Every structure is written in C-alpha cells, then in structure tokens.
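Just the heavy atoms: all of them, side chains too, but no hydrogens, waters or symmetry mates, feed the values below. The chains referred to below are lettered A, B, ... by the order of the sequence lines, with proteins before strands, and numbering in each begins at 1. As the structure is a prediction and not an experimental result, all values here were calculated from the model.
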Amino acid sequence: MEQAAQEKLNDAWDWEIPSKLVADLDDWREQFSEVQELVVSQDGERIAAIVKADDALTVCVNGDTWTSTFEKAWALHFGPDGRLACIVMNDDEWTVAQEDEPWEERYDYVWNLRFSPDGSGVAANIRTSDGYGVVLNGEPWDAKFLQMRSCEISPDGLSVAGNVQLEALSEGDIFTFRKGLWGLAVNGEPWDAHFLNVWDSVFSDDGAKVAAEVRIEPGLQTIAVNGVPWPETFRAVWQPIFVPGSHDVVAPGLAAGAWKLLMNGKPLWNRSFAQVWHQTFSPDRQRLAAVVASSFGRWTIAVDGDAWKTTFGDAVLPPVFSPNGRRVAAVVKENNRWTIAVDGIPWPEDFDMVWDPVFSPDGGIVAARAVQGKEFYMVLNGKVISLGCAKLWDPVFSPDGSQLLLKAIEFGRLYRKVVPIKQLLA
Amino acid sequence: MGSPAMKLPELPIVGDPGLDENAKNLTPERIAEVINRVIDRETAARFRVYMNTCVHCGLCSDACHWFLSNDRDPRFSPVGKVKQTVWEMLRKKGRVDPDFIKDCSRIAQTECNMCRRCSMYCQVGIDVAYMLLTVRRICHELEMVPQFMQDTVNSHAVTLNQMWVKQDEWIDTLQWQEEEAKSEVVTARIPLDKEGADIFYSVIAPEPKILAQLIGNMAQIMAVAKIDWTMPSFDGWDNSNMAMYSGDFETMGRVERAHHEAALKLKVKRIVMGECGHAFRGAVYDGPKWLGWLEPPVPVIHAVDFYHELITSGRIKIAKKFDEPVTVQEPCNIVRGRGLGAKLREIIHATCSDFRPPEPSFEHNYCCGAGGGVINCGPPWKTSRVKGNSVKAEQLAATKAHIIITPCHNCHSGIEDIISGYKLGMHVKFFSEILMETMEIPDELRAE
Ligand code: SF4
Ligand code: SF4
Ligand code: SF4
C-alpha cells in the first residue's frame, strides 16, 4: 500500500490497549474437523481460516463462521483495506467471496486473486465456457481469450492486464508458434503487437502505461511498453518497473554475457553484474536498489549502482527501503543461515528463516520475525526481543514510531499486543 | 579413434520437420557466425582443454550404450560423435553446410543422452557430454532442434512447465488429487501457497498432465509422515527443464529462476523434488549456475534422499515388504551425478524382499537411453533410441526381475519403451508406488 495511505490507516488503529486476546484457536480445533492455514488482518484485530464443519467448508473469523458454505475454498487473504476474500466453489461454479458475500457471477474456474495497493480493486483470472479472462470487483471482462496466465492490477485498482494467447496452437506445431501467438490484454483489449512470449507486466502509477517482458525472436528479448518494444534487444530480460510517477521504465537486461540495469533500453548504472533483479525505488523515488550478484556466486544489494561491500553466498532477497529512503535492508542467506543486512551490515545473529525487514517511520529501527527451531521470535535491530511462540506475523510500527504492534499465537490463542519500543529495547 | 577402416552401413533417414524445414532457412554465413560466436564467446576454458587433450584413443567407446548397441559402430562412440561434429566445425572454421548441421543436431540431440558414463572411462577425464551440449547450443541458435523437443521448450517458455499445463489446470488437479488422497488418508491435504512450510514439493509437468495419482500418492505419504509442506498455485512448480538440453539456456534460466523464486517466496526450508533425474541436474547444477548461484538458494533434495530420510527416521514405517522380484534403473543424474546409489539401494531393501541387482550398477549403470532430452525428441526418433540401447535390455533381462524400480520420469518412459521393444515382459514402477504398497497407514488416519 502507498506509504501515506498506510500511515493514515495505521493512525486509526487501536494503539491504546496493550494486549487483546483475539481468538482461541484451540477452540476452533475442537469445533471443526479441519482448520486450514491462518491469516491475520494487518491491524491484528481479526484472524481467519478456512474450516470444515459438517463436511462443508466455510470461513471462521474470530470464532464466528460465515453463513455461506462451500464445497471448495482457497486463497484466503485479508486485502490491504482489511476486507477478507477467498476463492470458493459450489456445484462446480467458482467465484470470489468477500466478507461472506460471494460475487454474483460464477465461472468455470477462478485463480490468481489480486488486490490493488489500497484494496479497492480485487481481481482474478477466470475461465468460462467462452474462454479465459479477468473479473474485477465482480465485473468480468467481455473479451475472452484462448488462454491467460497472469493478472496484474493497476495501482489505482481500476485496470487489469495479463498475458493472453491470441491464436490456437495444435500440439507440436512449432511453426505456428514461431509466428508469435502471445500478447498482453489490458482491460480486455489486446495489444496490436504479438510476441513469441509475454511474461510479467506492470502498470505505471497513473495506470496509463503497461510494460512487459517480451521475446521477439528466439534469442532476443526486450521490454515492450503499451505494445511497443524498446529498439534495443537483449539475450534475456527480467521484470520491468516504472519509475514512480513517470512513464520511464527500468528493467534488467543481459547482453554480451553481463547483466545491466536499463532505463528505457539504455544502461542506467555504469557497471554490469553477474546478475541483477528485483530493482526497487525508495518511497521518495530518489534512490534505486536492486539485488545483484557482484561476481559469480556472491550476492548483495546495489544502491544507485554501488554494491554493498559485504556479499552473501546463498541468496539475497528484494531490498526494502526505510520510509525516508535513507536506509536499505534485505534478507540475506549464507551457509544455509538466514539473517538481515541493513546498509550492507548483516546482523550478527542468524536464523532458520527470517521474513522481510520492517523499518520504523524514521528508519532508526528494523524489526523482523524469524524462526529458530519450531518457534517464531521477534527481532529488533538484530536482537531477539521476544520469547518463542507458535506463530508471529509481520510487526507494524505505530505512526509516531513509539510502539510496535505484534500479532502472536501463544498457547493456542492469537494475541494482539501493542508494546512501547523503549520497553522492547531496554 | 584407433578403429580400422571399415565399411559402415547407411543410417536410416529420419524425417523431422524441426530439422528438415528449418534447414531451408540456413545460410553459410549464419552458420559460420553462430558456430564461431558460440565457440569463441560462450564456451568455458575446458572446451579448449578437452580439444587439446583428447588423444583419440577410443577408450570411451565401450562406455556408451549407443556404441555397444549399434554393433560397435564408431559413429556412435563418444569420441566419434565429437569427431563428426565439433572437430569438423573447428577444422572448417564454421564453414559447414545445412546438411552438416542437420547431422549435428541428430547426433548431439538424439544419439547422446548426456549421461556422462563415457567421462568415467576417459583417462584424461574429458566430458564428452559437455562438448555435445555445445553442439546442441549451436543447433539451438540456428533453430535446428527436433520438432518435439522444440515444442517442449516452447511450452517451458510460455508456461514455465514442460507440457503446456494451464494455470487453472494445475490448481484444479491439485485440488482433485487432494480429494482423492483424503479418501484414503483422512488428514491428507495439499496446502497451496503455505508460507513458511518446511518443504516445497515440486514435480515435473507429466504428473499433473497424465500421472496425477502420483501427486495424490505424495499427499498421502506427506500426511502419514506428518510433514509440513506446500505446493505453489503459481508458476514455478515444475522442476523439469528440457531447455537445458535443447541449448536454449535463456529459457532454462527463466524456468529455473521461477522454481527457486517460488521456494524463496514461500519461505520454505527445502525443496523436495519428485522422482526425476534431469530435473535434479537442472535445479541443482545447470540452472543455478546460469543464474549466478553457486548452489541453489534453498537446498534441493531428490525424492530418493527424502524417502530415505522418511524411512530411516521412522516417520514412515513399512507394514509389509513388496515380494515380487525387483531390480532398479539407477538414474545417471542422481546416481552417477550425485551419488545417491547407496541410499536408493537402502530404501529398496527396506521395502522389497527380493532385490535383483543389475550388472553393471551404481555409477557404472547404463543410461536408460531416454535421458538428456532424447525421449523428448518424440516419435520420429523412437526406433533409433530403442535400437541404441539393446545393452540395457540385456542387462535388465539378466536380472530376471518382474519389476524395475525407476526413480526418474525419463528413465520410466525410456525403460517402458525398452521393455516393449525387446519384449521383456517386465513392468516399471516409481519408488513412490512401491512405498504406497508397503507403508503403514495408522488406523486413526485411514478413511473408512
Ligand atoms: S550417451 Fe552417455 S556415454 Fe554416450 S556419448 Fe553421450 S554421455 Fe557419453
Ligand atoms: S574422449 Fe577420452 S577416452 Fe575418448 S578418445 Fe578422447 S581421450 Fe580417449
Ligand atoms: S533419464 Fe534417467 S537414466 Fe536416463 S539420462 Fe536421465 S537420469 Fe539418466
């Protein structure tokens, strides 16, 4: 979610009550023959799971079940606005249910449930007897396609794009394939241009442009923006992003055996890497970071073209900027141990698993949940600050940065806790 | 090669539109440009070392099932295949004609399984399979790939899986197999996209496409063993990679990235992959290396290793042993390539009472003849593939087993073709099928 919108929402949350018991999950396990994976709302006030009662599936939220029941249900998620949604089926007809309200229209299949950053747009891919398409907030596209393999929603939640197959292909027909049968459909309208492949796509902030990875010849890939490929071609490219607030596109490209980050087809940084991907802008749009392999087998983060000196052998996950854009952190892995590196300096402690770093509003503190053995722990600036518990979700800082919201399962119950940072650091 | 001059029989001409049609688009200039570019810019230093150290002794010949099964015809010996392709390309500095490239594609793509048995017999350790993979890369760059192989790679490029499985078909199949599994083991589930699970179980596309019950079997095994596992609802679930074998390394990289990124996104501790040999090679060696990883970012465990862990740890108990005579096809990519031979024997001994060891065995085992992408070249090449592995038929027949355990999808199909081609009257089973027949399902988990 846009940082400002998120802060406004957080502001409205309860930051007063230090600890609330949200739900007793042991009760659920007694009540239902099956309790599937648990999901928790961002504000920690609600916990939900798909459950089985009397041979039908339904959704249990804070101990109350939906009135609707289903033969099948999956992909349960709290959207960014806190509304609960999942994909459901009865009598072989699928749809999306939001807060116990299934969408009216039904389809042969529904998948790739997606939310816009503020949660106002909820979309998914659909299959009907007429072909493949998209449903957005209950409204399906008129246009249907032979096949569709993605569902990308615009930042304003009003548009959806996805790669589509434009011509039939019989088994083994490599010659028809060679003509280029794939395109990108935006709000049901396919691009004029066809390609051998269209892979991941992304909208500009204003929703006016869509950029996607395309393959134009067997050995040539590039980025196409609204169907127009860059004149420059590469042996391979990875997913593009738009520069926030503009129509400039940044993507990694491989040429002459080296990967470079490109803007509108031209090298952006003056060096190349053994690999570069997951480029990410800071919230103030001033800085650009990416995961890079600075040499073969050594991974790190590069910020504005400068790679951190410390490198990691196993993996580096996508960079996360502090809200003010001054700091960058990422999950890193070395010798099969996970930790977090902040501005190039890894925490001394490592874990069996660690989740993405969460910065305090002023960037001074980095929090993350981690797993050690069978238990979850909260980690602040590299120090474990909680006892082990059965499950934790991502922490949230209060808008003034003085408190941390923790969502933890302890003794079979979900607790929502608001803890002063001072206390945690003491 | 040390062999006396001999009159060699004409090889049957095999029609393949992927080669015959595409050859018409080749020009001498394009051929020379591609050959010289690939050899000059894409080969590692070892390519030149191999070229300079091969003493043409022919010791590698007896390693190759193609040579042994084709009346010791030197054209099928490892060094013979390199001689007919790479040596000629270099000697003529890339100035070769389309018919020559057609022959190169046939030799490198359909008459070598990349099994690396020959490397063990070469006194200077030349990796002939690597030389022939370079030939495949050249043929790919010239769009001279057998039709069915290219179609498989097209599928990888579009769907990131091997068999054109649509996204909805994939998820639908998992949901259906979950129901099937539940009808046997009440707690069986296939948890989709479960973030933080211990294991991401990945499969190859023939499973959802034609062998869906194998996924259902796995759901039962996972439930009995009480494993915290998941499968992604999104692309990246297929661990197979024929692009690695067609020389389309860019597509290979994309497929492997999706697989490893799925593991990273799901925050799993390990990837356990189903019974497939080449997929293991792609996921553990070739794929990560092309992407810049020395090792896979999340450890990858082959099914044989996983089953060994389940059985030796007691998570799975064996209720009764399988008592028909069994033997094993030891897949090159996990036995010669990874040393899983001993573990494979141990799990067979743990589950079967009458094991008939093949000879030769372990890392010396003969390839099934299907691997390295050869079976993916499709029906036009089936006759030569089966003819090219009579030694495998003799080896299997000598065991007098009824069942051949083959923990590799390619081997599985390849051995089935050998069985029918040579009328062996044997049957092939994955190890998971043996496990399904022998594992104990506690009463409290059994569906009524
Ligand atoms: S099939 Fe195996 S033994 Fe024969 S040349 Fe190829 S790698 Fe060597
Ligand atoms: S590859 Fe090795 S064994 Fe074969 S001919 Fe050359 S040196 Fe001899
Ligand atoms: S299919 Fe099986 S035996 Fe054959 S090459 Fe692959 S791993 Fe080897």
Cut-off 4.5 Å, heavy atoms of chain B, and the answer for A/Ser150 is backbone
Ranking A/Trp199, A/Trp259, A/Trp182, A/Trp74 by heavy-atom pairs under 4.5 Å to chain B gives rank one to A/Trp199
A/Tyr109 backbone acceptor or donor facing B/Asp168 side chain under 3.5 Å
no
In terms of heavy-atom pairs under 4.5 Å with chain A, the winner among B/Gln147, B/Glu179, B/His260 is B/Gln147
Is the side chain of B/Lys166 donor-acceptor paired with the backbone N or O of A/Gln147 at a distance under 3.5 Å, no angle test? no
When the 4.5 angstrom heavy-atom criterion is applied to A/Phe273 and chain B, the contacting part is neither
Most contact-rich option vs chain A, by heavy-atom pairs under 4.5 angstrom, among B/Asp193, B/Leu291, B/Leu192, B/Leu294, is B/Leu291
From the list A/Gln165, A/Arg149, A/Lys391, the residue making the most non-hydrogen contacts under 4.5 Å with chain B is A/Arg149
The interface call for A/Glu213 against chain B, heavy-atom contacts under 4.5 Å, is side chain
Whatever's closer than 4.5 Å to a heavy atom in chain A on B/Lys289 counts as both
request  = Indicate yes or no: at least one non-hydrogen side-chain atom of A/Asn336 is less than 4.5 angstrom from one of B/Pro299.
outcome  = yes
**OP:** Please determine, by modelled atom types, if B/Gln167 and A/Asn112 share a side-chain donor-acceptor pair under 3.5 angstrom.
**Re:** yes
Do NZ/NE/NH1/NH2 and the carboxylate oxygens of B/Glu169 and A/Arg127 come within less than 4.0 Å?
-> no
- Query: Is the closest side-chain heavy-atom distance between B/Pro191 and A/Gln36 below 4.5 Å?
  - Reply: no
Heaviest contributor of heavy-atom pairs below 4.5 Å to chain B, chosen from A/Tyr132, A/Trp277, A/Trp338, is A/Trp277
- Electrostatic pair B/Lys269-A/Asp352, nearest N-O below 4.0 angstrom: no
- Message: Atom CD of residue position B/Glu295 - does it have more than 12 heavy atoms of other residues, nucleotides or ligands inside 6.0 Å?
- Response: no
Under 4.5 Å to a heavy atom of chain B? For A/Ile174 that would be both
Query raised in the report: Can we say B/Lys182 and A/Glu34 salt-bridge, meaning some charged N sits less than 4.0 Å from an Asp/Glu carboxylate O?
Result: yes
Listed by number, the residues in residues 36-46 of chain B that come under 4.5 Å of chain A (heavy atom to heavy atom) are B/Arg37, B/Glu42
Determine whether more than 12 heavy atoms belonging to other residues, nucleotides or ligands lie under 6.0 Å from atom CD of A/Glu171. no
query: Are a donor atom and an acceptor atom from the side chains of A/Trp355 and B/Glu195 found within less than 3.5 Å of each other?
result: yes
Applying a strict 4.5 Å limit to non-hydrogen atoms, the region of A/Leu146 in contact with chain B is backbone
Max heavy-atom pairs within cutoff under 4.5 Å with chain A, candidates B/Arg254, B/Glu178, B/Gln175, goes to B/Arg254
In this structure, NZ of A/Lys333 is separated from CG of B/Leu264 (nearest 0.5 Å) by 8.0 Å
Between the side chain of B/Glu250 and the main-chain N/O of A/Ala236, is any donor-acceptor distance below 3.5 Å?
no
Assert top hit (heavy-atom pairs under 4.5 Å, partner chain B, pool A/Ala315, A/Gly172, A/Gly257) equals A/Gly172
- prompt: Heavy atoms, side chains only, cut-off 4.5 Å: are A/His278 and B/Glu261 in contact?
  reply: yes
Under 4.5 Å to a heavy atom of chain A? For B/Asp228 that would be neither
Within 45 degrees of the axis of the six-membered ring of A/Trp238 and under 6.0 Å from its centre: does B/Arg257 put its NZ or CZ there? yes
On a heavy-atom basis, the closest approach of B/Lys267 and A/Val354 is NZ-O, 2.7 Å
When the 4.5 angstrom heavy-atom criterion is applied to A/Met148 and chain B, the contacting part is backbone
Hits for side chain to side chain contact (heavy atoms under 4.5 Å, CB included) against A/Phe175, two or more places apart or cross-chain, chain-then-number order -> A/Asp173, B/Pro17, B/Glu21, B/Asn22
Of A/Gln275, A/Met89, A/Met353, the largest count of non-hydrogen pairs under 4.5 angstrom with chain B goes to A/Met353
- Any chance the rings of B/Trp170 and A/Trp111 have centres within less than 6.0 Å? no
With sequence neighbours left out, the residues meeting side chain to side chain contact (heavy atoms under 4.5 Å, CB included) with A/Leu181 are A/Glu167, A/Leu169, A/Thr176
CG of A/Leu113 to OG of B/Ser233, rounded to nearest 0.5 Å, is 10.0 Å
The reported gap from CH2 in B/Trp290 to CG in A/Leu254 (rounded to nearest 0.5 angstrom) is 5.5 Å
Okay, B/Val268 and chain A: the region with an atom under 4.5 Å from a heavy atom over there is backbone
Under 4.5 Å to a heavy atom of chain A? For B/Thr159 that would be both
Exercise. Relative to the ring of A/Phe177, is the ring of B/Trp164 parallel (under 30°), tilted (30 to 60°) or perpendicular (over 60°)?
Worked result: perpendicular
Checklist line | Min side-chain heavy-atom separation B/Trp293-A/Phe296 under 4.5 Å | finding: no
Those residues of residues 137-145 of chain B that come under 4.5 Å of chain A on a heavy-atom basis, listed by number, are B/Arg137, B/Glu141, B/Glu143
